[in-house]
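Note on naming: letters A, B, ... go to the chains in the order of the sequence lines (proteins, then strands), and numbering restarts at 1 for each one.
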Amino acid sequence: MLEINNLHVKLEEEDKVILKGVNLKIGAGEVHAIMGPNGSGKSTLSYVLSGKGGYEVTDGSAILEGAELLDMEPEDRAAAGLFLAFQYPVEIPGVGNMTFLRTAVNAQRKARGEDELSAADFLKIVRAKAKALKIDAEMMKRPVNVGFSGGEKKRNEILQMAMLEPKMCILDETDSGLDVDAMKLVSEGVNALRDAGRSFLVITHYQRLLDHIKPDFVHIMADGRIIKTGGPELALEVENNGYADILAEVV
Amino acid sequence: MAQLQAKQDALTARLAGLTAPKGGFSHDARQAAFARLAQMGLPGRRDEYWRYTDPAMLNAVAPLEADTLRVEVPIFEGKDKLRLVFEDGVFDAAASDDMAMAGIEISLLSQADAQDLHWAKALYGTLEAAGQTPVARPFASLNTAVAHEGLLIRVTGKAPRPIHISYRQKSSTSDAILHHCIKVEAGADLTVLETGISGARSNVVMEADIAAGGKLHHIRPQGRSHGKQLVTHIFARLAAESLFKSFTLSMNGRMTRNEAVIEFTGDDAQAHVAGAAVGDGAFHHDDTVFITHDALRCESRQVFKKVLKNGAVGVFQGKILVKAGAQKTDGYQISQALMLDDDSQFLAKPELEIYADDVVCSHGSTSGAIDEAALFYLRSRGVPMRTAQSLLVLAFLAEAIAEIEDQDLAEDIRARMEDWLSRHQGK
Ligand SMILES: Nc1ncnc2c1ncn2[C@@H]1O[C@H](COP(=O)(O)OP(=O)(O)OP(=O)(O)O)[C@@H](O)[C@H]1O
Ligand SMILES: [Mg+2]
């Protein structure tokens, strides 16, 4: 599904190198988790994959189903099936949540040569999916993420993911700011989307989320590299002992 | 001294090319306007009130040639309305609807002398004259003095349909001067739609006198000619518990000065003036607003938004004056510019002058670029760059458009904006 090779990234404006050779291969239907200390480059990786400006790729590649992501505009990456649930979802005053979602869904359909959804069909689908995530109709009418609580913003990200049905989903700390019940809701939302043709990259600090969304692989990122890869037990090790031992092992 | 002389010379030259109607019901008002004008002269570059806008094009004896949009794309088509058409400042009876409508009296300024309109005699030039202090507005006095045409509208009940003043421009050198008077009687309710461009250069005055409990909604998409030179004044006087809401959409235009002068004379009234202006390239757009609170518990809102690119210039001068005793005034003013590149300019002069102690007044002015984080967020969801930009620009304008109460009219305005944006994207 996604193959990241030797990815090197620096800030565009400064001589600060953030990713120093990331290698990661995610097969179709797999769930991978990335853990790692603050500032190790996890969000940067997710931004660079989705095409955010301000970063310069100095080396490497990221291939999504045979196509080089790094050469595409952000909207084309989305249409190609990439989705990022943001660590910090952006508030957009003046743009209604519903308008936003419908524009996004139809833009992607159009880019893929499919028919646009009619207003009625769209409404039916969005209502059902919003309900499953306990997002009420009033929230859908508000501007995108404006006045949403931290947890509501995260649920809204998952709603977008559910509507857009991407192939490669990156979740950047979707669990942070969620209470126990919301975490369950969100995990259920994610698990409902799991299938053989869809892969996940879940960035998290906590084992807790991985109890709900069971990963096939867990990677540890430190200082811009993936320094260790293992199974779900690796997350437990981090939960119990922190990163010190793992970091020491590598050095 | 030399400065005043220059202003008066400019006036003499300008008046030489104009004729005024003789006699009639408006005779005294016109004479008084001429006298005021002689004192003021035309605006000069050094006038504080014209610091950000050069009045030269408006002062000039003749207008600059302006492109004529042969097909003015109709707006508000879905609304049943009474349409009155002016072409190059001249009333076009053949293109207009019959003026008869229940609860409303409509006359043409040019034909009013035959009728005995006491209310019009009392109103014509009166609010304009009152609006000359503390700041001079010479183009409004010029208008009062020499306007040959306009509408005199008196509404006594709830108007069954909006009145649609539709301007058309056929000549690339027309110099239109129109003066409208609107009297909203106690408890009456009227919507006025004012669309299009009446000439290569236009000077339009609207005096609106709103009696107790009366309501006047005014929505004005000004047409998208690039070459137009335009100066407009709205003078509104609000009695107790009355309401005035005015929204202006401006697209393109090398020179536009829209002034609104509003005075609360009765308690518990509400006035909202809003504007959305979009310009690309040779565009100079000036909103100048003066709101005087002279009554209790009145609410005023000024919401002005401008989208500027390729060297466009936006100006906002807005003042809230709260007189002594105008307690519990609620005044709000916001002016914002969205710069789509680094070449454009926004000049804002927000002012509060408050002589009462128990009031809430706020004002803010900002200018900034499109929010990159929001743009990326939209694109990351598959929304193409241009669509994403349009969404954000419309979002920026939304607070101004929200001042239009009628949702159908607001939707038409939004569609017009979207259309403009789609034509002006990229460089
Ligand atoms: N636009 C930027 N400007 C300056 N520094 C940046 C920028 N983007 C990332 N960085 C820096 O790069 C490093 C990696 O940041 P990143 O957000 O990717 O970390 P992270 O692993 O997601 O951390 P966290 O666990 O706290 O979310 C940090 O030191 C951060 O300060
Ligand atoms: Mg992060």
Let me know if [X] has heavy atoms under 4.5 Å from chain B in its side chain, its backbone, both or neither.
X        : value
A:Asn145 : side chain
A:Pro89  : both
A:Val105 : neither

Take atom [atom1] in [X]; do more than 12 heavy atoms of anything else shown fall under 6.0 Å from it?
X        : atom1 : result
A:Glu138 : CD    : yes
A:Asp136 : CG    : yes
B:Lys81  : NZ    : yes
A:Arg112 : CZ    : yes
B:Lys79  : NZ    : yes
A:Asp115 : CG    : no

ask   = For the candidates A:Ala107, A:Ala79, A:Pro166, which exhibits the highest count of non-hydrogen atom pairs separated by less than 4.5 Å from chain B?
value =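 Max contact count across the listed options: A:Ala107.
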key: Atom of A:Pro93, atom of B:Ala395 and distance for their closest heavy-atom approach   =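 Distance-wise, the nearest heavy atoms are O-CB, 3.3 Å.
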Gap between atom CG of B:Leu391 and atom CD1 of A:Ile92 - 0.5 Å precision =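 These two atoms lie 8.0 Å from each other.
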task = Could you tell me which residues in residues 51-78 of chain A have at least one non-hydrogen atom under 4.5 Å from a non-hydrogen atom of chain B, sorted by residue number?
result =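 Residues of residues 51-78 of chain A touching chain B at under 4.5 Å: A:Gly51, A:Lys52, A:Glu73, A:Pro74, A:Glu75, A:Ala78.
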Inter-chain contacts: residues 146-164 of chain A against chain B, heavy atoms under 4.5 Å =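 The stretch touches chain B at A:Glu157, A:Gln160, A:Leu164.
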Side chain to side chain contact (heavy atoms under 4.5 Å, CB included) involving B:Arg414 - partner list, sequence neighbours excluded =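 If we apply the side chain to side chain contact (heavy atoms under 4.5 Å, CB included) test to B:Arg414, skipping adjacent residues, the hits are B:Leu394, B:Ile401, B:Ala410, B:Glu411.
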message = Counting only non-hydrogen atoms closer than 4.5 Å, can you tell me which residues of residues 375-383 of chain B sit against chain A?
response =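 Against chain A, the residues of residues 375-383 of chain B that fall inside the cut-off (heavy atoms, under 4.5 Å) are B:Phe376, B:Tyr377, B:Leu378, B:Arg379, B:Ser380, B:Arg381, B:Gly382, B:Val383.
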